[in-house]
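Within every chain, numbering begins at 1; the chains are lettered A, B, ... in the order of the sequence lines, protein sequences first and strands thereafter.
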Protein chains: 2
Amino acid sequence: MKISTKGRYGLTIMIELAKKHGEGPVSLKTIAQANDLSEHYLEQLIAPLRNTGLVKSIRGAYGGYILSDVPSKITAGDVIRVLEGPITPVEGIEDEEPAKRELWIRIRDAIKEVLDNTTLEDLASHSEDGEADAYMFYI
Amino acid sequence: MKISTKGRYGLTIMIELAKKHGEGPVSLKTIAQANDLSEHYLEQLIAPLRNTGLVKSIRGAYGGYILSDVPSKITAGDVIRVLEGPITPVEGIEDEEPAKRELWIRIRDAIKEVLDNTTLEDLASHSEDGEADAYMFYI
DNA sequence: CAAAATCCATACTAATTTGATAGGCATTAG
DNA sequence: CTAATGCCTATCAAATTAGTATGGATTTTG
């Protein structure tokens, strides 16, 4: 029941690109260093993001990546779907018996609701402040 | 972003126990056969359910398992937490930067809301009918 | 042009998790 | 006693995750 580093680091990349949207290409090296991540690994994650058209690449010296659209038009769901596959708590929901099928569907819809209504703009604008939100720490 | 067979089969076991609650112990063999699952594998899954007190075992011939409480008092969240660990889309939410932390918390709370408000009674009562719910098939 | 910066592609690997299987001991109903 | 059942430990194969390694290909600066 976890989102792997693929989705998490992928979101990290996209948030960085959103923060610098309109300021020209951002290199993976910059993003890797700022977030203490492996540049090589990020390369593997951004490849599908490029292939599906969420980002565009500019090659050569002083190149990098830019968002294909404005941050308010790209959602967390767009990113997670590309890197983690379809958003669902189980594969083949249709094959489950009715009771569990209904449960998985409710969970799936709840997650989709959150991911599809959170844009990169939302995420980027909350990235600067370090304030703790009221509802932060509880399980 | 998946619930593994541990959680899914675990729920299957608990739903079966809920359906026969009050009718004496149910053996794993019965449950395994009814759901076409490996009895040995179910043994491994029910061990933590027994250790945490969600079910009680009756040893010996014609033994089996029974729920420790009425089906309306046990939730899907109780079962999933035991078999899958804490309900959260990422480990160490506290360590994430504010924007993503807020996103993970929203997802976590949405999932918890569903799991903690679905009881075994709900699930067991929907298990007999084979009717397709209106909102079944879409992604 | 040459060198540096950057993207691009493929292959390999170590660790972990998942989903079991195997075999035997312990307990109880009949 | 004996058959049916739970209980326990060990082992294992496949898949997934989280990277590393290597070597390009492309573009810009100087």
Please tell me which of the listed nucleotides, [options], lies nearest to the side chain of [X]?
X      : options                   : value
Y65(A) : dA29(C), dC7(C), dA22(C)  : dC7(C)
Y62(B) : dA20(C), dG19(D), dA29(C) : dA29(C)
Q44(A) : dA29(C), dT20(D), dA20(C) : dT20(D)

Any [X] side-chain N or O less than 4.0 Å from OP1/OP2 of [N]:
X      : N       : result
K6(B)  : dG19(C) : no
S57(A) : dC8(C)  : yes
S27(B) : dA4(D)  : no
R50(A) : dA9(C)  : yes
Y9(B)  : dG19(C) : no
T5(B)  : dG19(C) : yes
S4(A)  : dT16(D) : no

From [atom1] of [X] over to [atom2] of [N], roughly how many Å is that when rounded to an integer?
X      : N       : atom1 : atom2 : result
Q33(A) : dT6(C)  : CD    : C1'   : 13 Å
K29(B) : dA3(D)  : NZ    : P     : 13 Å
D36(A) : dG19(D) : CG    : C1'   : 14 Å
Y41(A) : dA14(C) : OH    : C1'   : 14 Å
E91(A) : dT18(C) : CD    : P     : 14 Å
L28(B) : dC7(D)  : CG    : P     : 8 Å
L37(B) : dT18(C) : CG    : C1'   : 15 Å
I58(A) : dA25(D) : CD1   : C1'   : 17 Å

Quiz item: Between N51(B) and H40(A), which has a closest nucleotide on DNA chain D that is more 5'?
Solution: N51(B)
Exercise. Would you mind checking if E96(A) and R8(B) are paired as a salt bridge, meaning a charged N to carboxylate O distance below 4.0 Å?
Key: yes
Quiz item: Between D116(A) and R81(A), does at least one N-O distance fall below 4.0 Å, as a salt bridge requires?
Solution: yes
Quick one: does [X]'s side chain get under 4.5 Å of [Y]'s, heavy atoms only?
X       : Y       : value
T30(A)  : K20(A)  : yes
I46(A)  : Y65(A)  : yes
I105(A) : R101(A) : yes

Self-check item: Linked, directly or transitively: L49(A) and I58(A) (ILVMFWY side chains, under 4.5 Å)
Solution: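 Result: no, two separate clusters.
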Quiz item: Starting at the 5' end of DNA chain C and moving along, which residue's nearest nucleotide shows up first, E84(B) or V26(A)?
Solution: V26(A)
Practice problem: Check if the side chain of E43(A) and the base of dC8(C) share a donor-acceptor pair of N or O atoms closer than 3.5 Å. | Solution: yes
